[in-house]
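Worth saying up front: this structure is predicted, and the values here are computed from it rather than measured. Both backbone and side-chain heavy atoms feed into the values below; hydrogens, waters and symmetry mates do not.
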Amino acid sequence: MKPLLTNPGLEPVPTPHGTTETAAARTPAGVQVLRLLLLAATASVIATWLWAWHGVQAYAWPGVDNDLTERALAYLLILAPAVPVNLIAAIRLARGGARARLYLAAAGALAVVQTLLLLTPSAMPLADTMSDGSNDVGVRHLLTVGPLLFAGLWIATTRKTRAWLGAPPRPRRGFGLEAAVWCLALAAALAAGTEVRDWTQTAAAPAAPAGEYTEAGTWAALEQAVTETTDAVPDFAGFTTRTIEAASCDYLTPAGLPTYRYLLTYELRAPAAAPIATRWAQDEFHLTYDGTALDGTRRITAERAFPTTAPDDDRAAYPTATGLHALTLTYTEAPTPTLHLESPCVERTTEPTACILPQGDPTTDTITGITCRD
């Protein structure tokens, strides 16, 4: 039977199912791109904080508190709020409306404020701990998030995007999604903060007295580690200066002997970061850090176990040791590349030490706190 309102002899023209609703509900391509930009900015913020935290670790010295906790948490406090705001803005953009505009504006404002804080250390939380390297973090944040911010602003001003943001929001498909994002972000921030605290407390924990090693052979062990390092550098150009010092560990052994730590520093004539990093990842060496500190310099740290030597050698008192009883090595690729080595605390004896000639033909050689036998 024909419908009463249909003219005789004419078939009704079918309306494609869902055409009107689909056309009205389809998210504009520009909005989808804007959502992708927000997700990219979120990933960039997380990568920047991880990079900053890795750079902060370059300042860790065993038994020395360098405000590492405050420094890392300051970066976390500045960068972390962008993660939930960006994620919720990306979710809200799929629905449009005033809430989407609000979160989108908050994401853009946060990016600007974060960059200004990072580029202005005096305005940062705990500014006294941000004396070095924060500008590099700000520049990285500007170069990674800045282009995404400008692209997002351009897309947000297009006609279709403004119409989408000005239209009534689509019906909510779920409940508590924003709360879930904020809770997950808070949990992640607490976990990161706890890891920062635990790591820095461990790094700054004072070392237990370790004076069971005699002084004999300590200097030679340090020089041997230098030799093993420079032998791996092709066409090694030598050193400009050498400094050797015996610094007090400020405690006595049970027998009443004072303890000292040997500090050996060489300044290189030419950079050699790549071969040194490769060498310190082999054999008796243990690479502990290789990265860029917040001041922009590359820093490589390692440990080298004491070598086991023949009984008639001065170094026979040293077994193979790691951890607190290992030699620590640091290479800093500053304008003047520097190789710095430290021994663990050793028992200081009254006998003079046999002095060792410097390696690499340095023009300056300084010996402090050591009495040479010859």
Side-chain angles (χ1 to χ4, degrees), residues 41 43-62 64-80 82 111-149 192 196 199-200 203-204 229 233 237 239-241 243 263 265-281 287-302 328-342:
S44 176
V45 167
I46 295 174
T48 297
W49 184 81
L50 291 175
W51 176 80
W53 171 227
H54 187 62
V56 166
Q57 291 176 322
Y59 298 98
W61 297 97
V64 179
D65 185 3
N66 288 334
D67 296 325
L68 300 181
T69 301
E70 292 82 357
R71 193 176 304 189
L73 291 182
Y75 290 121
L76 183 64
L77 179 64
I78 291 173
L79 296 173
V112 173
V113 171
Q114 288 167 345
T115 304
L116 292 177
L117 284 176
L118 292 171
L119 291 176
T120 313
S122 59
M124 295 178 65
L126 304 171
D128 55 333
T129 69
M130 314 307 295
S131 57
D132 53 356
S134 58
N135 284 339
D136 294 331
V137 181
V139 170
R140 178 187 174 97
H141 187 266
L142 177 63
L143 295 178
T144 54
V145 175
L148 301 177
L149 176 63
V196 167
W199 189 91
T200 53
T229 300
V233 179
F239 301 110
T240 58
T241 64
T243 302
L263 312 176
T265 302
Y266 277 100
E267 293 184 356
L268 286 73
R269 300 182 188 274
I276 288 178
T278 301
R279 180 67 183 94
W280 286 358
L287 187 67
T288 55
Y289 180 86
D290 183 5
T292 303
L294 293 181
D295 57 3
T297 61
R298 182 176 181 181
R299 186 168 297 178
I300 308 170
T301 62
T328 59
L329 306 90
T330 302
Y331 171 80
T332 304
E333 187 131 298
T336 301
T338 303
L339 188 62
H340 180 77
L341 295 86
E342 295 187 12

Next on the checklist: Assess the residue pair T328 and E342 against the criterion (side chain to side chain contact (heavy atoms under 4.5 Å, CB included)); give the C-alpha distance rounded to whole Å, side-chain angles, the decisive distance to 0.1 Å, and a yes or no.
Outcome noted: CA-CA 5 Å; T328 59; E342 295 187 12; 3.3 Å; yes
Item to check | salt bridge (charged side-chain N to carboxylate O under 4.0 Å, His left out) against R298, all qualifying residues, sequence neighbours excluded | outcome: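 Once residues adjacent in sequence are excluded, the partners of R298 under the salt bridge (charged side-chain N to carboxylate O under 4.0 Å, His left out) criterion are D290.
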List the atom of [X], the atom of [Y], and the distance in Å for their closest heavy-atom pair.
X    : Y    : value
G138 : L118 : CA-CB, 3.4 Å
T229 : R279 : CA-CG, 4.2 Å
A192 : W49  : CB-CH2, 4.1 Å
V139 : L119 : N-CD2, 3.7 Å
I300 : A273 : CD1-O, 3.6 Å
Q114 : A82  : NE2-CB, 3.2 Å

Can a donor-acceptor pair be found, under 3.5 Å and without considering hydrogens, that links the side chain of [X] to the backbone of [Y]?
X    : Y    : result
T115 : L142 : no
T265 : L263 : no
T200 : V196 : yes
T288 : T301 : yes

Checklist outcome for this item: The side-chain contact (heavy atoms from CB on, under 4.5 Å) partners of L149 (sequence neighbours excluded) come to A111, V112, L153
Checklist entry - Do I276 and V233 come within less than 4.5 Å of each other through their side chains, counting heavy atoms only? => result yes
Item to check | Audit row: W51, T144, side chain to side chain contact (heavy atoms under 4.5 Å, CB included) steps and yes/no | outcome: CA-CA 13 Å; W51 176 80; T144 54; over 6 Å; no
Next on the checklist: Y331: which residues meet the ring-ring contact (aromatic ring centres under 6.0 Å, His included) condition with it, sequence neighbours left out?
Outcome noted: none
Rounded to the nearest 0.5 Å, what's the gap from [atom1] on [X] to [atom2] on [Y]? Could you check?
X    : Y    : atom1 : atom2 : value
R299 : Y289 : CZ    : OH    : 8.0 Å
L77  : L73  : CG    : CG    : 8.5 Å
T243 : Y266 : OG1   : OH    : 9.5 Å
T69  : L76  : OG1   : CG    : 12.0 Å
E267 : T332 : CD    : OG1   : 11.0 Å
Y75  : H141 : OH    : NE2   : 12.5 Å

Next on the checklist: What verdict does the side chain to side chain contact (heavy atoms under 4.5 Å, CB included) test give for T338 and L268, after you've listed the backbone C-alpha separation in whole Å, the side-chain angles of each residue and the deciding distance to 0.1 Å?
Outcome noted: CA-CA 6 Å; T338 303; L268 286 73; 5.8 Å; no
